[in-house]
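Proteins get letters first, then strands, A, B, ... in listed order; numbering begins at 1 in each. Side-chain atoms are counted along with the backbone in the values below, which use heavy atoms only and exclude waters and symmetry mates.
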Amino acid sequence: MNSLGRVTLLEAEFFNRDPRRVARELLGKLLVRKTPRGILAGRIVETEAYLGQGDAAAHAAAGRTARNAVLFGPPGRAYVYFIYGNHYCLNVSCLPDGMPGCVLFRALEPVNGTEQMAKARGIELARESGLKNISLLKKISSGPGRLTAALGITRERDNGKSLASPRSDLRIADDGYRVRRTVATPRIGVVKAAEQPLRYVIAGNPFVSGRSL
DNA sequence: TACATGATGCCCT
DNA sequence: GGGCATCATGTAG
């Protein structure tokens with residue numbers, strides 16, 4: 001995986017656990033997308049856990065349907081859905097085959113291919129100062145709909161794809177980055193089961209959606 | 001076949 | 001801070 005230095009790619013077993021644990025441990029890892037034009041990567045700074053039965057806010061709560069079938073399959077698969085007529089959201093399935101549960105990717109800090117991601121979002125980075133303008137960089141991938149647009153993720157292309165396969169163009173990498181402290185808060189945009197603190201962010205990171213914590 | 005709704009983001013005040 | 005675009009999906013009828 002050139003230009004990212006020495007990294008370890010996560011395998012399916014990493015995702016074969018409770019979504020709450022996976023969500024917290026994904027913080028600080030890299031979401032990596034291979035494209036014909038280069039490698040795009042962002043550091044995961046915000047996630048949310050969605051459980052199975054008993055989690056009224058989860059897509060899996062009402063049981064298996066054609067849309068959410070990936071959630072009931074093996075761990076480490078991309079679950080991509082379309083929302084509000086405009087946006088895609090990316091999740092990764094957790095737990096063994098047959099047990100639903102997933103983690104929603106909510107925000108990335110651009111790490112590699114920043115210009116290409118900005119372009120995919122319709123954002124112009126000034127030639128000199130663009131890569132230092134935090135408020136502008138934050139618009140690239142801080143939000144679940146934003147990061148999928150930045151990485152070119154769609155349901156048609158990516159739903160059901162393994163994030164843990166050597167052939168996949170969408171992977172999670174560990175580059176050794178150490179997260180100092182994480183914070184758990186209620187999930188965003190959900191009305192049911194909103195009281196549980198299942199949203200995880202890297203404390204103090206400016207690239208989380210909303211204000212930094 | 002119809003309809004309500006949503007794990008959002010953007011633009012306007 | 002609030003309104004709204006825009007459509008796939010699930011459920012009711």
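Clustering ILVMFWY residues whenever any of their side-chain heavy atoms sit less than 4.5 angstrom apart, transitively, puts V208(A) in the very cluster that holds L136(A).
With a cut-off of 3.5 Å on both Watson-Crick or G-U wobble distances, the partner of dG1(C) is given as dC12(B). Across all strands shown, the partner of dT5(B) is dA8(C), judged by Watson-Crick or G-U wobble contacts whose two distances both fall under 3.5 Å.
The interatomic distance linking I123(A) (CD1) with dC10(B) (P) rounds to 8 Å, in whole Å. What separates CG of N68(A) from P of dT9(C) is a distance of 11 Å, to the nearest Å. For R67(A) and dG10(C), the CZ to C1' distance is 8 Å, given to the nearest whole Å. Between the OH atom of Y88(A) and the C1' atom of dG6(B) there is a distance of 15 Å, given to the nearest Å. One interatomic measurement links the two molecules: CG of N91(A) to C1' of dG6(B), which rounds to 14 Å at whole-angstrom precision. Atom OH of Y79(A) and atom P of dA8(C) are 15 Å apart (whole Å). Atom OH in Y81(A) sits roughly 16 Å away from atom C1' in dT6(C) (whole-Å rounding). Atom pair H87(A):NE2 and dT5(B):C1' shows a separation of 15 Å (rounding to whole Å applied).
F105(A) meets the ring-ring contact (aromatic ring centres under 6.0 Å, His included) test with no other residue; sequence neighbours excluded.
Ranking dA8(C), dA7(B), dT11(C) by closeness to the A62(A) side chain, first place goes to dT11(C). Residue I188(A) has its side chain nearest to dT8(B) when only dA7(B), dA5(C), dT8(B) are considered. With distances taken from any side-chain atom of N86(A) to the nucleotides dG10(C), dT6(C), dA7(B), the minimum falls on dT6(C).
Side-chain contact check for N159(A) versus Y79(A): some heavy-atom pair is nearer than 4.5 Å. Counting only heavy atoms from C-beta outward, the side chains of P144(A) and L104(A) approach each other to under 4.5 Å.
The residue R199(A) sits apart from the nucleic acid: no heavy atom pair falls under 4.0 Å. R187(A) comes within 4.0 angstrom of nothing in the nucleic acid, heavy atoms only. Nucleic acid contact class of Y84(A) (heavy atoms, under 4.0 Å, all strands): base.
Side-chain atoms of N91(A) and S93(A) form no donor-acceptor pair, as typed in the model, at a separation below 3.5 Å.
Comparing R146(A) and K192(A) against DNA chain B, the residue whose closest nucleotide sits nearer the 5' end is K192(A). Summary of the strand contacts: G85(A) and P144(A) both lie near DNA chain B, and taking for each the nucleotide with the nearest heavy atom, the more 5' one is attributed to G85(A).
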